[in-house]
Amino acid sequence: MADVKYDVLGIGNALFDVLVRTDEAFLAKHGMTKGSMSLIDEARAAAIYKDMGPATEVSGGSAANTIVGIGSLGARAAYVGKVKDDQIGKLYVHDIRAAGVAFNTPAAKDGPATGCSYILVTGDGERTMNTYLGAAQDLSPADIDPAEIAGAGIVYLEGYLWDPKNAKDAFLKAAKIAHDAKRQVALTLSDSFCVDRYRDEFLSLMRNGTVDIVFANESELHALYMTSDFDAALKQLRNDVNLGVVTRSEKGCMVVSSEDAVAAPAFPVDKVVDTTGAGDLFAAGFLYGLARNFGYKQCGELGALAAAEVIQHIGARPQVSLKELAGQRGLTG
Ligand SMILES: OC[C@H]1O[C@H](O)[C@H](O)[C@@H]1O
């Protein structure tokens, strides 16, 4: 798109990730549901952290991971999310700007600390997240700059924004500005537990045209339509949104619109180390392709490539240049 300042602008909960490899016994001891994202308070965060082994600390946040991935692929990317002006918040701002992402949301001067997600990664690579939202819960419509939103070809929003009190108003404000400027609005359903919390609202956003593109994995899709029948759920998705993108782990992805149903394969990986951010990086590759007007199959392959990179190491941010990786596979042209 010639007249855009950013190819994609993401809005999400700005979270710093504290990741550790652990076993099922740790999850059981702390009453965690494997594979879930639970919201926790400060006291529980302290209790979990105290019991964790040596951790890897790295910036995260679902939409932020996607936006960093889009930047790594060589597109113009921007992010809106709330941190506090504390040490972790400063690290967060450094990391996202150092990744080439435009980030101008003012940090909170007071209130809760920068949010953190305490992530337990079991031997099978599955991640179990415990999120203390902290300052992220104070993202509000005042943080939405109309000119920045209108300057983005695609505005990408995370379903997790439905958790904090004011963020959904920020979400709705951004979607309206984007549509008034004839831009596209994309939503990731975030996780199946999030879908269970906000099913009706997410369906309304799709059916009333607040969002144009939806990203979901299989379990989110099943949760959305409360069915275990994949084909039936996909058919409903196709009716409810302009473009639906469903990831299916090693089975690749399905992209559906009123005209098309396109499959793209997954990228084989030797060993899944940590699935944190798999969906985020898939969305990065896909949205990069969409911004470049690539066909849906190529968008899906770019998504699969970016996801394959991120699941082979700890943490949800790419550790190599995705642009180079995609170039080596002939996927950027
Ligand atoms: O999707 C993974 C991300 O979700 C959570 O928000 C964590 O911060 C993590 O980086």
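Whatever order the structure lists ligands and atoms in, that order sets their numbers, starting from 1.
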Salt bridge Glu301-Arg329, side-chain N to carboxylate O under 4.0 Å: no
If the threshold is 4.0 Å, N to carboxylate O, is there a salt bridge linking Asp51 and Lys29? yes
Cationic N near anionic O, under 4.0 Å, Asp274 to Arg127: no
Sequence neighbours excluded and cut-off under 3.5 Å, please list the side-chain donor-acceptor pairs for residues 277-288, or say none.
residue, atom, partner, partner atom, Å
Asp280, OD1, Ser62, OG, 2.7
Asp280, OD2, Asn65, ND2, 3.0

Asp231 backbone acceptor or donor facing Asp229 side chain under 3.5 Å: yes
Tell me whether Arg238 is salt-bridged to Asp260, with the criterion being a basic N under 4.0 Å from an acidic carboxylate O. no
Contacts for ligand 1, heavy atom under 4.0 Å, by chain and number, are Leu15, Asp17, Gly60, Gly61, Ser62, Asn65, Ser117, Met129, Thr276, Gly277, Asp280, Ala316
